[in-house]
Amino acid sequence: MFKEQVSESWNKRFGSEPPADLDSIAPFLAHRSVRRFTDEAISTETMAGLVAAAQSAATSSNLQSWSVISVQNPEKRHAIAEACANQKQVETAAAFFVFLADLNRIHRYAMAHEIDPDGLDTAEMYTVAVIDAALAAERMVCAAEALGYGICYIGALRNHPDRVREILNLPEKTFGVFGLCIGRPAENARADIKPRLSQDQVWFEEEYPESLDSQEYDQRAAEYFASHAMSTDEPWSKKSGRRVQTTGLSGREALLEFLHEQGLLTR
């Protein structure tokens, strides 16, 4: 459904022409979030393939410190949607996955060998597990998009981690990092390629620069939002600044307490 040429995708993403012939990476540049899906189901076999793609991602020290829970039961989907700011796509997507940072499994294995895994509560191991989960999810996303599916990450899974823990029966040393909706995009999905910062604002050569400038991207972002009938009352940079205030974190500012309860990130 979404098959823009590189030149079109690059222009939408960065407001300029691509620097070279990059047709081979066209599918990656055409990525967007999809929130409206058809009723087409995803077979168990295809879901197994998507999980296999996720498992093929890089993983630190081969610890494989992540897990994924597919949630297909309508009642559980509804409960999770309620915990995720009532985002409708959580219920309507053909498949919904919850990606976990999972240090519970390696804890069990260590204990079975009479090894004290006393490093699992460190910031390092928490970071490893979250990165593993993110890498696995993005590999699943690439596979899903190659098959013509659309996706939408659900960061709001972290709004009420205690409720998610209850719904999914999560043990200690696990944490729901985000959800992932996958399904066939509906014809009226209205999903479009969203602009990103120009490369000189994220790609630095040799060292971090002394200054950064958001004005060029603020302008392109405003044009995008206006064309999609979205609010343009303040620039992206200012809106982003508000988003990272405590009041903009949707309850996630208290996440550390939950992580401590789970035996994670205590030192």
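Heads up: numbering here begins at 1 and tracks the sequence.
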Checklist entry - side chain to side chain contact (heavy atoms under 4.5 Å, CB included) between R36 and T92: does it pass, once the steps are laid out? => result CA-CA 8 Å; R36 295 182 183 178; T92 59; over 6 Å; no
Checklist entry - Can you check side chain to side chain contact (heavy atoms under 4.5 Å, CB included) on R242 and E234, steps first, answer last? => result CA-CA 11 Å; R242 294 188 189 281; E234 57 185 15; 3.1 Å; yes
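Electrostatic pairing of R163 and E82 does not count as a salt bridge here, judged by no charged N lying under 4.0 Å from a carboxylate O.
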Residues 247-254, side-chain donor-acceptor partners within the protein, below 3.5 Å, at least two apart:
unit_1: R252; atom_1: NE; unit_2: N159; atom_2: OD1; d: 2.7
unit_1: R252; atom_1: NH2; unit_2: N159; atom_2: OD1; d: 3.1
unit_1: E253; atom_1: OE1; unit_2: G251; atom_2: N; d: 3.2

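The side chain to side chain contact (heavy atoms under 4.5 Å, CB included) test applied to A221 returns Y217, F225, W236, not counting sequence neighbours.
In this structure the side chain of Q262 reaches within 4.5 angstrom of the side chain of R165, judged on heavy atoms. A 4.5 Å side-chain heavy-atom check between Q89 and F96 finds every atom pair outside the cut-off. With a 4.5 Å cut-off on side-chain heavy atoms, C152 and V34 do not count as touching. Inter-residue side-chain proximity for L63 and Y109 is flagged as unmet; no heavy-atom pair is nearer than 4.5 Å. The closest side-chain heavy-atom distance from L103 to V128 is not below 4.5 Å. In this structure, the side chains of N11 and E8 stay at 4.5 Å or more apart for every pair of heavy atoms. At a threshold of 4.5 Å between non-hydrogen side-chain atoms, the residues L50 and L147 count as touching.
In this structure, CE in M140 is found 9.0 Å from CD in Q55, a value given to the nearest 0.5 Å. In this structure, CG on L264 lies 8.0 Å from OH on Y126, to the nearest 0.5 angstrom. Note that NE2 of H31 and OG of S33 are 4.5 Å apart. Values are rounded to the nearest 0.5 Å. We find the CD-CG distance between E205 and D200 to be 10.5 Å, quoted to the nearest 0.5 Å. Here the NZ atom belonging to K12 is positioned 13.5 Å from the NZ atom belonging to K194, to the nearest 0.5 angstrom. How far OG1 of T38 is from OH of Y149: 9.0 Å, rounded to the nearest 0.5 Å.
Looking at D132 and S65, their side chains do bring a donor and an acceptor atom within 3.5 Å of each other. A donor atom on one side chain and an acceptor atom on the other are found under 3.5 Å apart for E223 and Q219.
F14 shares a hydrophobic cluster with V6, W10, L22, I25, F28, L29; the chain of contacts runs through ILVMFWY side chains whose heavy atoms sit under 4.5 Å apart.
Counting non-hydrogen atoms of neighbouring residues, nucleotides and ligands closer than 6.0 angstrom, the CD atom of E257 reaches no more than 12 such neighbours. No more than 12 heavy-atom neighbours from other residues, nucleotides or ligands sit within 6.0 angstrom of CG on D39. More than 12 heavy atoms of other residues, nucleotides or ligands shown are found within 6.0 angstrom of CZ on R243.
Grouping the Ile, Leu, Val, Met, Phe, Trp and Tyr side chains by contacts below 4.5 angstrom, directly or via other members, places L135 apart from V177. When hydrophobic clusters are built by joining Ile, Leu, Val, Met, Phe, Trp and Tyr residues whose side-chain heavy atoms come closer than 4.5 Å, directly or via intermediates, L265 is grouped together with W66. One hydrophobic cluster, built from ILVMFWY side chains closer than 4.5 Å, holds both I151 and V68. Hydrophobic clustering places L180 together with V51 (ILVMFWY residues linked when any side-chain heavy atoms are closer than 4.5 Å, directly or through intermediates). Under a hydrophobic-cluster definition in which Ile, Leu, Val, Met, Phe, Trp and Tyr are linked whenever side-chain heavy atoms come within less than 4.5 Å, directly or via other members, I69 and I167 are assigned to the same cluster.
Judged purely by atom type and a 3.5 angstrom limit, R35 has no side-chain atom pairing as donor or acceptor with the backbone of Q87. At distances below 3.5 Å, not a single donor-acceptor pair connects side-chain atoms of R158 with backbone N or O atoms of G176.
Judged by the 6.0 Å distance and 45° axis criteria, R184 is not positioned over the aromatic ring of F37. Taking the ring centre of F2 as origin, the terminal cationic atom of R32 falls inside the region bounded by 6.0 Å and 45° from the ring axis.
Note on ring orientation: taking the six-membered ring where Trp is involved, the planes of F99 and F178 are tilted (angle from 30° to 60°).
When all heavy atoms are compared, the tightest approach of M47 to S70 is CE-CB, 3.9 Å.
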